[in-house]
Peer 1: 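Below you will find the structure I want to go over with you.
All values derive from a computational prediction rather than experimental measurement. We count ligands from 1, going down the list as the structure has it; atoms in each ligand are counted the same way.
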Amino acid sequence: MAQQSLIDTFKRAGQGQVFAFFDRLDAAQQQRLLEEAAEIDLAEIDRLTRTLLAKGAAAGVNLEGLAPAPYEPLPENGGNAADWSAARAAGEEALRAGRVAAFTVAGGQGTRLGYNGPKGTFPVTPLKQKTLFQVFAEKLRAAGQRYGKPLHWFIMTSHQNHAATEAFFEEHKFFGLDRGRVHFFRQGRMPAVDFEGRILLETPGSLALSPDGHGGSLRALDRSGALELMKSEGVDVLSYFQVDNPLVRCIDPAFIGWHLNRGSEMSSKMVPKAYPEEKLGHFCVQNGRLVVVEYSDLPMAMQKETDASGKLRYIAGSIAIHVLDREFIRRMARAGSDLALPFHRADKKIPTVDAKGEAVKPEKPNGVKFEMFVFDALPFAKNPVVIETRRADDFSPVKNAEGVDSPKTSREDQLRQYTRWLRENGAQVDTDSTGLPSVTFEVSPLFGYDEASFADSWKKLSPKPEIRDGLYLE
Ligand code: UTP
């Protein structure tokens with residue numbers, strides 16, 4: 001009965017094609033298709049079809065009244081040193097009080113990297129070939145030790161990579177973390193549709209489903225019970241970062257402190273764009289609200305605008321590092337469609353089936369995927385704050401197999417970072433003009449995961465080692 005009523009609901013919604021091959025499926029396949037269909041919010045698909053797919057649906061973003069967003073510059077770039085040290089102190093206090101948890105979004109498909117497996121299991125460090133997950137795990141372990149409070153770590157996976165991610169942590173004994181504090185949960189999925197809004201089948205017995213974007217993390221944190229767990233553990237601050245960026249300071253006391261001292265519901269880090277065409281989103285204000293405008297949505301003429309001193313006007317580039325307030329996440333997750341994160345459409349080549357149920361591998365985009373972006377929460381946040389960070393200390397993602405933002409560039413940036421820490425502490429390291437050392441070595445996050453922790457360990461180290469090929473500081 002329930003089965004027939006679900007099928008009827010799809011038919012009434014003009015989505016009967018989902019069950020076109022139902023009678024050909026065996027019982028297990030039918031069950032699977034029914035389960036997938038039951039997950040779909042048909043009203044949401046209908047709304048997205050009308051708003052994002054209809055002819056004449058607003059193309060591009062509204063740029064009216066857009067202006068560059070203000071941000072807090074680093075002290076070395078004119079920021080207020082007293083405010084920065086007050087922020088650091090407030091962040092450290094929150095960490096010692098156990099109010100902070102880490103959050104990694106790891107549900108992406110990583111198509112550009114083209115690596116077979118969850119992206120977090122990709123090896124990234126220069127010498128030991130540690131994986132992204134190991135790097136973060138060690139940074140979090142070290143931060144927990146430093147502040148005397150082990151951190152909770154939430155990891156959002158996808159349906160595709162959830163089991164493999166959990167198995168990887170098991171296999172590596174959670175990299176020494178307390179397994180009771182590492183929490184995995186799956187993000188939501190959205191069906192792909194054709195250009196008329198009809199849900200696509202991937203095979204005769206399954207829907208073309210894909211992760212609902214990193215913005216889906218807000219709903220997923222709520223749905224999975226993560227927010228309730230945070231509440232019962234006294235955690236109200238979530239440090240958000242992406243799985244592809246080994247340089248990120250997973251836990252940055254100054255950033256956390258800026259967020260708390262300003263009473264912010266969601267805060268972000270910016271780096272000054274290196275050149276106008278750089279592919280970063282831009283922090284802007286519009287109607288008094290903080291927004292991120294993607295590089296593809298901001299006309300190049302505006303990206304090139306400069307101020308009287310010749311500096312780019314739209315200088316504040318988003319690097320997808322945020323701090324979020326727990327109850328703000330809950331509010332966003334439960335908001336009605338007008339106050340919730342919007343979906344964006346992405347036209348894609350979506351493997352599907354033809355009228356006979358035969359597989360089709362399209363050569364050009366044949367449909368649309370819907371995704372939410374976490375930065376779309378910023379306009380809804382009270383007192384959002386954007387702070388500057390040094391790119392070299394926070395951002396070198398692994399996105400592409402080669403070229404910019406690749407394993408090679410990220411590995412080199414890690415080496416440059418170790419080298420800067422060493423030099424700041426008086427060690428001798430030979431480098432080229434970009435700061436890249438001539439030898440390959442590695443600093444474990446357990447030895448130092450930021451300037452301060454590195455300096456502490458280095459001071460205690462006796463005798464000081466020579467910086468040579470193969471050196472591993474742990
Ligand atoms: P990207 O935008 O780089 O996408 O994700 P991606 O899927 O990893 O890679 P491509 O575009 O297919 O090459 C940025 C971050 O957001 C996470 C990713 O895991 C990454 O940490 N993400 C993205 C999710 O967690 N879920 C999603 O649905 C999309």
Peer 1: Among all protein non-hydrogen atoms, which one is nearest to atom 16 (O) of ligand 1, and what is the separation to 0.1 Å?
Peer 2: His214 CD2, 3.4 Å
Peer 1: Starting from atom 14 (C) of ligand 1, what is the nearest protein heavy atom, named by residue and atom, and what distance separates them?
Peer 2: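 For atom 14 (C) of ligand 1, the nearest protein heavy atom is Gln242 OE1, 3.4 Å.
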Peer 1: Among all the protein's non-hydrogen atoms, which is closest to atom 25 (O) of ligand 1, and how far away is it?
Peer 2: Gly107 N, 2.8 Å
Peer 1: Knowing that exactly one of Asp413, Asp393, Asp450 qualifies, which makes a salt bridge (charged side-chain N to carboxylate O under 4.0 Å, His left out) with Arg420?
Peer 2: Asp393
Peer 1: Would the distance check show the side chain of Thr157 and the main-chain N or O of Asn161 forming a donor-acceptor pair, the cut-off being under 3.5 Å?
Peer 2: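 Not a single qualifying donor-acceptor pair exists.
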Peer 1: Glu371 versus ligand 1: do any nitrogen or oxygen atoms come within less than 3.5 Å of each other?
Peer 2: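 Such a contact does not occur with ligand 1.
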Peer 1: In ligand 1, which numbered atoms sit nearer than 4.0 Å to a non-hydrogen atom of Pro211?
Peer 2: 28 (O)
Peer 1: Looking only at non-hydrogen atoms, find the nearest pair between Pro73 and Glu388 and report the distance.
Peer 2: CA-OE1, 3.3 Å
Peer 1: Please list, in number order, the atoms of ligand 1 under 4.0 Å from a heavy atom of Met156.
Peer 2: 25 (O)
Peer 1: What residue and heavy atom of the protein are closest to atom 21 (O) of ligand 1, and at what distance?
Peer 2: Val105 O, 2.7 Å
Peer 1: If the cut-off is 4.0 Å to any non-hydrogen atom of Lys399, which atoms of ligand 1 fall inside it?
Peer 2: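 Here the atoms of ligand 1 in question are 1 (P), 3 (O), 14 (C).
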Peer 1: Considering the options Tyr115, Phe168, Phe133, which one meets the ring-ring contact (aromatic ring centres under 6.0 Å, His included) requirement together with Phe122?
Peer 2: Tyr115
Peer 1: Are the side chain of His152 and the backbone N or O of Ala101 linked by a donor-acceptor pair below 3.5 Å?
Peer 2: no
Peer 1: Please determine whether side-chain contact (heavy atoms from CB on, under 4.5 Å) holds for the pair Lys149 and Leu95, giving the CA-CA distance in whole Å, both sets of side-chain angles, and the decisive distance to 0.1 Å.
Peer 2: CA-CA 7 Å; Lys149 275 271 165 26; Leu95 284 158; over 6 Å; no
Peer 1: Which of these passes salt bridge (charged side-chain N to carboxylate O under 4.0 Å, His left out) with Asp236: Arg99, Lys231, Arg326, Arg330?
Peer 2: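 The passing option is Arg99.
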Peer 1: Does ligand 1 have any atom sitting under 4.0 Å from a heavy atom of Ala106?
Peer 2: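 Flag set, Ala106 near ligand 1.
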Peer 1: Would you please indicate yes or no on a ring centroid separation below 6.0 angstrom for Phe283 and Tyr71?
Peer 2: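 No.
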Peer 1: Return yes or no for this condition: an N or O of Leu113 is under 3.5 Å from an N or O of ligand 1.
Peer 2: no
Peer 1: Please report which non-hydrogen protein atom sits nearest to atom 4 (O) of ligand 1, along with the residue it belongs to and the distance in Å to one decimal place.
Peer 2: Arg112 NH2, 4.1 Å
Peer 1: Considering only the protein, which heavy-atom contact is closest to atom 24 (C) of ligand 1, and what is its distance?
Peer 2: Gly108 N, 3.2 Å
Peer 1: Any donor and acceptor pair, going by atom type alone, linking the side chain of Glu36 with main-chain N or O of Leu207 inside 3.5 Å?
Peer 2: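 Checked: pair present.
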Peer 1: Among protein heavy atoms, which sits nearest to atom 26 (N) of ligand 1, and what does the distance come to when rounded to 0.1 Å?
Peer 2: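 Of the protein heavy atoms, Gln187 OE1, 2.6 Å lies nearest.
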Peer 1: Starting from atom 12 (O) of ligand 1, what is the nearest protein heavy atom, named by residue and atom, and what distance separates them?
Peer 2: Thr111 OG1, 2.4 Å
